[in-house]
Every structure is written in structure tokens, then in C-alpha cells.
Amino acid sequence: MNLTRRDFTRLGALGLAARFAHGLNAQTTAPKTRYAVIGLGRIASHFLPAAGSTTNSQITGLVSGHRDKADRIAAQYNVPAGSIYNYENFDEIAKNPNIDAVYVALPNSMHAEYTIRAAKAGKHVLCEKPMSTTVAEAKAMIAACKAANVKLMIAYRCHYEPTNLRAVKLIRDGALGQVQAIESSFGFNIKAGEWRINKKLAGGGPLYDVGIYSLNACRYLTGEEPAQIAAFASTIDHDGRFDEVEENVSWTMKFPSGIVASCATTYGANMAGYYKVYGSKGWLQVDQAFVYEGLRLRAEYQGTKLDELNPARDPSHFVAEAEHFSHCVQNGLEPQSPGEEGLRDMGYITEIYKSAGIKI
Ligand code: NDP
């Protein structure tokens, strides 16, 4: 998205300017923040090439339970054998001067442990969402990073993604008038055998994994924190996949201004991630809002009609996210999605589960 300096000043007033800072402030002379990626699975396969293609980030370490896989990836990114760790010897990373930060790309229940161990090793932490499986873990992660004086950012990539930011800006600029209501959903039909349906590893079901995108979006779209939450959960398919976590969650949030948001998530059906925002002077909708490419913003307000397909391709979200965190690390700045942002979502997830009668 091309933002003018006037736009940038207005965003500054909204506290959003730093999210665009890299566009105006090319970091060509900045040093590189050197990352070790922990957990070489699907999301890591997006982050690895993204970090490598930034001007301010570099992959210099790997942490994996599978040495053969780590060796293959190390060869691709020129990571020396001495900078490949496993989960047992991970703490030795403290002695590695060529690693500044870690990217935690592990199952949810492992985020707290590896964030805390990395902080104790003196490394900055970029941790995947959901931040943790409980509020207590999230607080411990924040405390550990503060005590070690290292940065903690939760990888809410939509906070750094232009179409989502465009939607926020239109709303803040008053294009839609007074926002009244939001609808959002995100879900997919999960396969048996995934760690995502193992409560011990995942913490919970689709709300932790994909529903969190709708929850977080309602917060950044409104710029408010939910005042009241009501939720329902259900499991329809008794085929063994949902013995430990629920299949469906649907919840409503009322914000202090009176805006009401209705959200749904599932592991039982394909539910393309989207949101629709209804205001007194128009509406906007972002389809594919939470996936890696193909985001489409449509809107009608005050005589204006928009239909914008974002041409950016994967892994552009991860490039923006890595650039932002590296920029913060190098300049001693607080990330736009710090641990406290993840903690807030953990609190709302807990409330949603409580309202739905699910024990975390
Ligand atoms: P994967 O299962 O694809 O990868 C997780 C990796 O963690 C594994 O490949 C493995 O790496 C390591 N691991 C260590 N212990 C275990 C274990 N007991 N079971 C399974 N894996 C283990 O998961 P994803 O990459 O899809 O998800 C990882 C995290 O990223 C999750 O928290 C998820 O919510 C988040 N995520 C974020 C997305 C985003 O867009 N921001 C999208 C998708 C996921 P190794 O073999 O190297 O040890």
C-alpha cells in the first residue's frame, strides 16, 4: 500500500505509524538480526525464506528434533553445524554469539517453555500465536523476557499486512461512519492425528489456532477491548478427532462503544477467514483476511465503491513481520504486537471458554 506522508502523520496520531515505518525508512544500512528457528514445521517453512529475503534479518541457527531435516535446511541457509541444536541441548544457544533472536514455531504448549529458555539464554523472542495455552504461562513469558531485558513479539502477522491495515485506516478515518457490528469467522476441516487436536499440545481447539484471528481482528478493527463476552461450543462429529478438544466455537463480544462482534471458528468445516464491518455510512469486507495471499477488500461507503485484490504473494506477511521485529531489536523499540497483546487474547480466550462451559 502506498501511504503519503500526510497519511503517515494521521496514522501516527492513531498509534499505527510504526507499522508502516519500514516503507518510509528503508533499512538498507541496518545490521542483520540473526535468528534461530525453533521447530522446523509448516510455519517455519514460510518464515525461513522470508527472513532470508529481508535486508535486516538472517537465519543463523536451527533447533529441531530431527537432525536430518535440520541438516538439509542448514545447507539451504548456510547455517553451520555448530549452530544446530535439539530440544535437549537448546540452552547451549546462550554461548552462541551468532544468534540474537529465536523464532518459536512449535506446538502451542511448547511456546512458554522455549520463550523462557531463550530469554534466559539472552536471546530476543518472536513467538508464534497463540502466545501460550494459559494466561499464567503468558505472564511468565513476559516476566522472563523483561527480566532478561530481551524483546518479546507475538507473530500476529496481520498487524503488519497492508490489506488489514487498510481496513483499519478506513475505519479510523470514519469512512464507514459509526461502526455498529462486525462478523468474522475462520476454520477448516482438520485431519485426524494432528497435534492441534491433542489438548496437551494445543491447549484447546480451533479458537486457539484459527479463531484467534477473528478475535484479534475485532480488537484491531475497533481499537477497543471487549467489555462483555458470550459463547457457545459444540462437537458434532464423534469420529475420534474431538475426544480432547471441541469442534465448534461461536462467540459474541460487546465493545465499550456498543459495537457488537459475532465470530465463529471450527475444525469441522472449511470456513474461509473473513470479516465484514457494518457502519452507519457503509460497510467493508476483507475476504481471505487471515491467509498468506489473495486478500481482497471490498467496501461501499458514502458514494465510494472499492474492490481491491492484494497482489502480494506468500511469504510477504512473514517478511514484514521479520523486518519489524528485527527493526525493534536493533533500535531498542517495543514491537507493535508485544507479549502483552498475546496475553490479552489469552485472557479473552479464557473468558470465551468459560462462557461456553469448557474447562481449559
Ligand atoms: P507443525 O506441526 O507443522 O510444526 C511444528 C514443529 O514443531 C514440528 O515440525 C517439529 O519440528 C516441532 N515439534 C516439537 N515437538 C513436537 C511435537 N510434540 N509434536 C509436533 N511437533 C513438534 O506446526 P505448525 O508449523 O503448523 O504450527 C506451529 C506453530 O505456529 C503453532 O503454534 C501454530 O499455531 C502457529 N502457526 C501460525 C501461523 C501463522 O500464520 N502465524 C500458521 C500456522 C501455524 P522438528 O521436527 O524440527 O522438531
Side-chain angles (χ1 to χ4, degrees), residues 36-51 59 61-74 76-77 79 84-90 102-115 117 125-134 137-138 141 153-161 164 186-188 190-217 244-245 265 267 273 288-295 314-322 324-325 337 341-342 345-346 349:
V37 174
I38 314 179
L40 306 178
R42 281 162 287 192
I43 200 69
S45 73
H46 296 267
F47 183 84
L48 283 158
I59 303 297
L62 300 172
V63 183
S64 175
H66 295 93
R67 182 68 195 220
D68 49 344
K69 179 170 57 173
D71 282 339
R72 264 199 322 275
I73 295 174
Q76 266 177 281
Y77 292 92
V79 173
I84 302 175
Y85 300 86
N86 57 43
Y87 302 113
E88 287 71 44
N89 69 9
F90 171 71
V102 299
Y103 169 59
V104 180
L106 295 162
N108 308 342
S109 68
M110 300 172 75
H111 292 184
E113 178 187 343
Y114 283 87
T115 294
R117 284 170 73 178
V125 182
L126 172 59
C127 177
E128 264 307 335
K129 47 53 61 182
M131 178 174 182
S132 59
T133 57
T134 64
E137 281 176 359
M141 293 160 78
M153 171 168 144
I154 308 307
Y156 284 115
R157 57 186 164 72
C158 295
H159 288 219
Y160 309 94
E161 188 287 314
N164 280 280
F186 195 19
F188 66 98
I190 201 162
K191 290 195 191 80
E194 274 267 357
W195 63 258
R196 286 173 161 79
I197 46 179
N198 173 325
K199 193 165 189 305
K200 197 159 173 279
L201 286 170
L207 178 59
Y208 273 82
D209 188 26
V210 278
I212 191 171
Y213 286 92
S214 294
L215 165 61
N216 196 255
E244 298 187 15
V245 301
T265 184
Y267 269 162
Q288 306 289 88
F290 312 126
V291 294
Y292 309 139
E293 55 186 31
L295 285 77
D314 183 42
S316 66
H317 297 197
F318 301 88
V319 170
E321 172 182 281
H324 179 74
F325 191 55
S337 52
E341 175 71 359
D345 276 349
M346 289 316 301
I349 286 174

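Order of appearance sets the numbers: ligands from 1, and atoms from 1 within every ligand.
- The environment of K200 atom NZ is sparse: at most 12 non-hydrogen atoms of other residues, nucleotides or ligands sit within 6.0 angstrom.
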Would you mind listing each N/O atom of ligand 1 next to any protein N/O under 3.5 Å, plus the distance?
residue, atom, partner, partner atom, Å
ligand 1, 2 (O), R42, NH2, 3.3
ligand 1, 2 (O), W195, NE1, 2.8
ligand 1, 3 (O), R42, N, 2.8
ligand 1, 3 (O), R42, NE, 2.8
ligand 1, 3 (O), R42, NH2, 3.4
ligand 1, 9 (O), G41, N, 3.4
ligand 1, 11 (O), L40, N, 3.2
ligand 1, 23 (O), W195, NE1, 3.3
ligand 1, 25 (O), R42, N, 3.3
ligand 1, 25 (O), I43, N, 2.9
ligand 1, 26 (O), R196, NH1, 3.3
ligand 1, 26 (O), R196, NH2, 2.8
ligand 1, 32 (O), L106, O, 3.2
ligand 1, 32 (O), N108, OD1, 2.7
ligand 1, 32 (O), H111, NE2, 2.9
ligand 1, 32 (O), K129, O, 3.3
ligand 1, 34 (O), N108, OD1, 3.4
ligand 1, 34 (O), K129, O, 2.9
ligand 1, 34 (O), K129, NZ, 3.1
ligand 1, 40 (O), R157, NE, 2.6
ligand 1, 40 (O), R157, NH2, 3.0
ligand 1, 40 (O), Y213, OH, 2.9
ligand 1, 41 (N), E128, OE1, 2.9
ligand 1, 41 (N), E128, OE2, 3.4
ligand 1, 41 (N), Y213, OH, 3.3
ligand 1, 46 (O), H66, ND1, 2.7
ligand 1, 46 (O), K69, NZ, 2.7
ligand 1, 47 (O), L40, N, 2.9
ligand 1, 47 (O), S64, OG, 2.6
ligand 1, 47 (O), K69, NZ, 3.4
ligand 1, 48 (O), G65, N, 2.8
ligand 1, 48 (O), Y87, OH, 2.5

Give the intermediate values and the outcome of salt bridge (charged side-chain N to carboxylate O under 4.0 Å, His left out) for residues E161 and R157.
CA-CA 7 Å; E161 188 287 314; R157 57 186 164 72; over 6 Å; no

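- With Y103 as reference, F47 is the one residue of Y114, F47, F325 to meet the ring-ring contact (aromatic ring centres under 6.0 Å, His included) rule.
- We find that R42 and E194 are joined by a salt bridge, their nearest charged nitrogen and carboxylate oxygen being less than 4.0 Å apart.
- Of the inter-residue distances, the one linking Y85 atom OH with I38 atom CD1 reads 11.0 Å to the nearest 0.5 angstrom.
- The shortest distance between side-chain heavy atoms of V79 and I59 falls below 4.5 Å.
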